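One structure below.
Because the structure is a prediction, the values reported are computed rather than measured. Residue numbers begin at 1 in each chain, while the letters A, B, ... track the order of the sequences.
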There are 2 protein chains.
Amino acid sequence: MTLTPAETLRRHGLQATAQRLAVLRAVASQPHITADDVAAVAAVEIGTISRQGVYDALNALVQRGLIRRIQPVGSPARYEDRVNDNHHHLVCRICGAVVDVDCAVGSAPCLTAKDDRGYEIDEAEVAYWGRCPECAAQGRTSSRLDPAARRRRGAPRVVATPTPS
Amino acid sequence: MTLTPAETLRRHGLQATAQRLAVLRAVASQPHITADDVAAVAAVEIGTISRQGVYDALNALVQRGLIRRIQPVGSPARYEDRVNDNHHHLVCRICGAVVDVDCAVGSAPCLTAKDDRGYEIDEAEVAYWGRCPECAAQGRTSSRLDPAARRRRGAPRVVATPTPS
DNA sequence: TCCATGAATTGGACATTGTCCAATTCATGA
DNA sequence: TCATGAATTGGACAATGTCCAATTCATGGA
């Protein structure tokens, strides 16, 4: 039997505050959402939430593995609720869109370094870079190094991904 | 016959200025060097170089593929002169040390996404995360999410990597 | 040698993103 | 009921990279 979000928080040693629940729902509503957008979505839902509170909640949820924090180059931190499956991401160099792609292995680390240099490796982070279908269709070729494009790339379009079962 | 660095710049449509040559040497001297450190090293060498000039030179060199820009999560941008071999990186979660690891394939993209979602993929960026031998030896376990650790992680120790032949 | 023009200078302002501050109040949960 | 973790406020701060723009420098072709 699945736990309610509040129960999940308590199971992880966190008080189930309205703010944390709103943050969780915001992250569930938009995969790869930024902290700024979490604040905006949560504020609409519960009326007011402090910026400090948003960051505190996000950090607490990440620390307990309830959400995942990713940060493609040139992007602010993004948060997603698909955790524990070690999935990877496709990132568009033009518009910054981020979508999920399943990991062939399903757990970390899913790749073996040719030479581990004595490192205790616990994760192989993979990001596939390229051009998304929309930017390809529009014939966009603007470089990641273009400052304007980089700024735009940091604020991607929201792209639906299949919800995990 | 190999080209001198100045000739290489000219071949790539860049004027061979003292500043650009100093920046190239700084990047060659310390793999995964930050922009700040490039400025410091170059200033020692040629007496004075503007911050704007350092950023301009770095961006021009990256744009022409003469150096490569990477940015592990939680780190400022880093620059290296190993280009064209699609090598990957090992990053220490504790101290932020970054070392190279050869790509098994040697060119991009070296991995195939399970589902490319219609993206035109040109690179699979891989970063192996874990604990470096030094931090393991010291028994350090401090988390990447620890703010102090994150700040320290952004300024890693300089680690020798084999020079490319 | 001349000179067009790309490059560099100065050095602060700006932008973004995330953290820090700290006294006080809120609200969760035992 | 109440201890204590959480949230509030809202600006300050920090780090990193970009922008500004008039002026000067210096590269490299003629």
Side-chain angles (χ1 to χ4, degrees), chain A residues 6-7 9-23 33-40 42-43 46-64 69-79 96 144-155, chain B residues 6-7 9-23 33-40 42-43 46-64 69-79 96 144-155:
Chain A
E7 286 165 335
L9 288 178
R10 294 182 190 111
R11 284 295 178 86
H12 286 84
L14 292 171
Q15 292 189 24
T17 63
Q19 290 81 3
R20 282 175 179 154
L21 292 167
V23 164
I33 192 171
T34 64
D36 237 15
D37 289 337
V38 167
I46 61 169
T48 176
I49 184 166
S50 66
R51 193 161 62 95
Q52 184 74 67
V54 169
Y55 277 102
D56 284 345
L58 287 171
N59 289 335
L61 295 168
V62 168
Q63 192 182 32
R64 280 146 177 98
R69 181 183 193 277
I70 66 169
Q71 185 164 18
V73 175
S75 173
R78 295 180 178 288
Y79 301 86
R144 168 169 48 144
L145 290 174
D146 175 348
R150 275 167 71 190
R151 238 189 320 268
R152 200 168 60 242
R153 187 168 48 79
Chain B
E7 286 164 336
L9 288 178
R10 294 182 191 113
R11 284 296 180 86
H12 285 83
L14 293 171
Q15 291 189 23
T17 63
Q19 291 81 4
R20 284 174 177 156
L21 293 168
V23 163
I33 192 172
T34 63
D36 237 15
D37 289 337
V38 168
I46 61 171
T48 176
I49 183 164
S50 67
R51 194 163 61 96
Q52 182 74 66
V54 170
Y55 277 103
D56 284 345
L58 287 170
N59 289 333
L61 295 169
V62 169
Q63 192 182 32
R64 280 148 176 97
R69 181 183 193 278
I70 66 168
Q71 186 164 19
V73 175
S75 173
R78 296 179 180 286
Y79 300 87
R144 165 163 57 139
L145 290 173
D146 176 347
R150 275 167 71 190
R151 233 181 333 262
R152 199 166 62 240
R153 187 166 48 79

Legend entry - Polar side-chain contact B:Arg10-D:dT27 base: donor and acceptor under 3.5 Å: no
Inset, instruction - Indicate the atoms forming the closest heavy-atom contact of B:Tyr79 with B:Leu58, along with that distance. - result: CE1-CD1, 3.7 Å
Legend entry - For the student: nearest non-hydrogen atoms of B:Arg64 and B:Gly13, plus distance: NH2-O, 4.0 Å
Inset, instruction - Determine, for nucleotides 1-8 of chain C in 5'-to-3' order, which nucleotides have protein heavy atoms under 4.0 Å from the base (write B), from only the sugar-phosphate (write S), or from neither (write -). - result: -----SSS
Check: protein-nucleotides 23-25 of chain D nitrogen or oxygen pairs below 3.5 Å:
none

Legend entry - Test log, rule side chain to side chain contact (heavy atoms under 4.5 Å, CB included), inputs A:Leu14 and A:Arg20: CA-CA 9 Å; A:Leu14 292 171; A:Arg20 282 175 179 154; 3.9 Å; yes
Inset, instruction - Side-chain contact test, heavy atoms from C-beta onward, threshold under 4.5 Å: evaluate it for B:Val73 versus B:Ser75 and give yes or no. - result: no
Inset, instruction - Kindly write out the residues that satisfy side-chain contact (heavy atoms from CB on, under 4.5 Å) with B:Ala22, not counting sequence neighbours, or none if the list is empty. - result: B:Arg25, B:Ala42, B:Glu45, B:Ile46
For [X] and [N], give me the distance from atom [atom1] to atom [atom2], rounded to whole Å.
X	N	atom1	atom2	value
B:Ile33	D:dT16	CD1	P	14 Å
A:Gln71	C:dT17	CD	P	10 Å
B:Arg51	D:dC19	CZ	C1'	10 Å
B:Asp36	D:dA15	CG	P	10 Å

Inset, instruction - Could you tell me which residues satisfy side chain to side chain donor-acceptor pair (under 3.5 Å) with A:Asp56, sequence neighbours excluded, listed by chain and number? - result: A:Gln52
Inset, instruction - State which residues pass side chain to side chain donor-acceptor pair (under 3.5 Å) with B:Glu7; sequence neighbours excluded, sorted by chain then number. - result: B:Thr4
Inset, instruction - Give the C-alpha distance, both sets of side-chain angles, the deciding distance and a yes or no for side chain to side chain contact (heavy atoms under 4.5 Å, CB included) between B:Val23 and B:Ile49. - result: CA-CA 10 Å; B:Val23 163; B:Ile49 183 164; 4.0 Å; yes
Inset, instruction - Go through D:dG28, C:dT19, C:dG29 for me and flag the one nearest to the A:Asn59 side chain. - result: C:dT19
Legend entry - Full working for side chain to side chain contact (heavy atoms under 4.5 Å, CB included) between A:Gln15 and A:Leu9: CA-CA 7 Å; A:Gln15 292 189 24; A:Leu9 288 178; over 6 Å; no
Legend entry - Along DNA chain D (nearest heavy atom to each residue), the more 5'-positioned of B:Gln52 and B:Tyr55: B:Tyr55
Inset, instruction - Say whether, by atom type as modelled, one donor and one acceptor occur between the side chain of B:Asn59 and the main chain of B:Tyr55 under 3.5 angstrom. - result: yes
Legend entry - Straight-line distance of A:Gln71 CD to A:Arg78 CZ, nearest 0.5 Å: 9.0 Å
Inset, instruction - Rounded to 10°, tell me the angle between the two end axes of the helix from C:dT1-D:dA30 to C:dA30-D:dT1, each built from five pairs. - result: 50°
